[in-house]
Amino acid sequence: MANTALVENIQGYSIHDGPGIRTVVFLKGCPLRCRWCANPENLVDTVQVGFLVNLCQHCGRCAKKCEKGAIIPDPDKRIDREKCDNCGDCVDACFYGALVRYGKEMSVDAVFDKVRRDKIFYENSGGGVTVSGGEPLTHADFVKRLFELCREEGINTCVETCGCVPQSAFEAVLPLTDTFYFDLKLMDAEKHREYTGLDNERILSNARFVAAAGANILFRQPLIPGVNSSEENIKATAEFIRSLGRTDAALQLLPYHRMGTGKYAALDIPYTLESLELMKGEEVDAVCEKYNSLGVECSISR
Ligand code: SF4
Ligand code: SF4
């Protein structure tokens, strides 16, 4: 059983990632490459170094520290990605926080220790721990062990998942998971592949599996204008959810935003949805109403 995983962040006091006040554990690594992803630092399961141009004071300490000659004197860019091996030496040398390390190897016990510290907030709010990412179930053994420890302490557990993992990963955590937040991004397989890198066959199969197992499940849909906001996709999503025969299975919309774009720049990853217009509040409301009219209880995460 995996006792360690690359953790990108452990964020306390979250109210958007499951019931009540939660501690969210972000694990690195994801099989999908959604073009709107707000956490590009969690896509790959390796440590990465990012450069935050606005914080740089041009002191030159990073260049002196880097033994690989990977620091470049460009005002907007600092790291030659061809030469950089993400060792992190420059991060430790920078006094201004302009270089950041994404990912830290942590043991299950160390993560649980942090989670447990917020227990009083869970008890007063009906909250608990949520694993997110990336795709947390690419570390199913780690999550299973973490949730076993949580169960022993009576801490509520939630998994935020893109669904694109082997069914065995769900089987491993199912008995220990209080709620699944399960993404349904696009119902058309080809379009799914175009915008996320893979088709949706495995995702839909896992959604059926989790729903049939009787698990507590909230479907979520990042609402991306012009990508999955069409009448056709709304109808297909509603039909799929209804086909599961779970009258309690609701859908939550996550309106598109650009809050992650700074991290794309920090990592020198191209952001390909720059020209996309944000949806107006009333347009998001209309999509929500459409889902409700199609028999799927829908809400909006604001
Ligand atoms: S050490 Fe930090 S502040 Fe100094 S040049 Fe490098 S990135 Fe900029
Ligand atoms: S992470 Fe290491 S190799 Fe990359 S720029 Fe910093 S010091 Fe150089």
Side-chain angles (χ1 to χ4, degrees), residues 2-14 23-111 113-115 131-139 141-143 146 160 162 196-197 257-274:
N3 276 320
T4 65
L6 263 190
V7 178
E8 200 285 307
N9 192 15
I10 299 178
Q11 183 188 317
Y13 316 113
S14 170
T23 299
V24 186
V25 179
F26 291 90
L27 302 177
K28 271 175 74 74
C30 184
L32 298 183
R33 291 293 178 270
C34 304
R35 287 167 60 181
W36 51 83
C37 179
N39 296 321
E41 74 282 19
N42 292 342
L43 295 177
V44 298
D45 188 14
T46 56
V47 174
Q48 291 169 290
V49 169
F51 173 59
L52 306 174
V53 64
N54 293 343
L55 298 180
C56 178
Q57 302 298 315
H58 309 283
C59 67
R61 284 176 56 86
C62 52
K64 285 192 194 119
K65 189 73 182 177
C66 179
E67 292 175 356
K68 288 96 189 178
I71 295 288
I72 45 178
D74 185 309
D76 299 324
K77 200 169 139 78
R78 187 60 75 247
I79 302 170
D80 181 338
R81 299 284 173 188
E82 295 285 311
K83 293 182 181 165
C84 174
D85 65 1
N86 292 295
C87 69
D89 289 351
C90 57
V91 177
D92 300 327
C94 180
F95 288 164
Y96 302 98
L99 288 156
V100 287
R101 190 187 275 105
Y102 296 120
K104 180 182 170 192
E105 189 88 19
M106 288 184 77
S107 69
V108 175
D109 288 345
V111 171
D113 192 45
K114 282 187 174 273
V115 165
V131 291
S132 186
E135 170 48 58
L137 295 185
T138 56
H139 306 274
D141 286 348
F142 181 94
V143 173
L146 178 64
E160 286 184 336
C162 73
T196 74
H257 62 76
R258 292 206 189 91
M259 285 188 284
T261 53
K263 290 183 278 189
Y264 282 80
L267 287 162
D268 301 308
I269 301 173
Y271 187 70
T272 58
L273 297 182
E274 204 63 69

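Atoms within each ligand, like the ligands themselves, are counted from 1 in listed order.
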Between the CG atom in D141 and the CG atom in L146, the distance rounded to the nearest 0.5 Å is 12.5 Å

For V49, the ligand 2 atoms whose distance to one of its heavy atoms is below 4.0 Å: 1 (S)

Any atoms of ligand 1 less than 4.0 Å from a non-hydrogen atom of Y96? List them with their elements. 3 (S)

CZ of R101 to CG of D89: how many Å apart, nearest 0.5 Å? 8.0 Å

Under 2.8 Å from atom 8 (Fe) of ligand 2 - does any N, O or S atom of C87 fall there? no

Which residue and non-hydrogen atom of the protein lie closest to atom 8 (Fe) of ligand 1, and at what distance in Å? C56 SG, 2.4 Å

Nearest-neighbour protein heavy atom for atom 4 (Fe) of ligand 2, which is reported as residue plus atom name and distance: C84 SG, 2.4 Å

Please tell me if the side chains of L27 and V7 come closer than 4.5 Å, counting only heavy atoms from C-beta onward. yes

I'd like to know if the side chain of E8 reaches the main chain of F26, judged simply by a donor and an acceptor atom lying under 3.5 Å from each other, with no hydrogens or angles considered. no

What are the atoms of ligand 1, with element, lying closer than 4.0 Å to any heavy atom of H58? 5 (S), 8 (Fe)

K68 near ligand 2 by a heavy-atom separation under 4.0 Å: yes

CG of L273 to OH of Y264: how many Å apart, nearest 0.5 Å? 7.5 Å

Considering C90, A93, C94, G50 one by one, which has a heavy atom nearer to atom 7 (S) of ligand 2 than any of the others? C90

Residue Q57 vicinity, atoms of ligand 1 by number, heavy atom under 4.0 Å: 3 (S), 8 (Fe)

Using a 4.0 Å cutoff against the non-hydrogen atoms of I71, which atoms of ligand 2 qualify? 5 (S)

Side-chain donor/acceptor of N3 to backbone N/O of S107, under 3.5 Å: no

If you scan protein heavy atoms around atom 3 (S) of ligand 2, the nearest is D85 OD1, 3.4 Å

Can you list the atoms of ligand 2 that are under 4.0 Å from a heavy atom of C66? 3 (S), 5 (S), 7 (S), 8 (Fe)

Atom 6 (Fe) of ligand 1 - nearest protein heavy atom and its distance: C62 SG, 2.3 Å

So how far is it from N86 CG to I79 CD1, rounded to the nearest 0.5 Å? 7.5 Å

So which heavy atom in the protein is nearest atom 1 (S) of ligand 2, and how far is it from that ligand atom? G88 N, 3.3 Å

Find out whether F142 and V111 are in side-chain contact, i.e. whether some heavy atom of one side chain is under 4.5 Å from a heavy atom of the other. yes

Over 12 foreign heavy atoms within 6.0 Å of NZ, K68: yes

Between L99 and ligand 1, which residue portion shows a heavy-atom distance shorter than 4.0 Å: side chain, backbone, both, or neither? side chain

Nearest-0.5 Å distance that lies between atom CG in N42 and atom CD in Q48: 8.5 Å

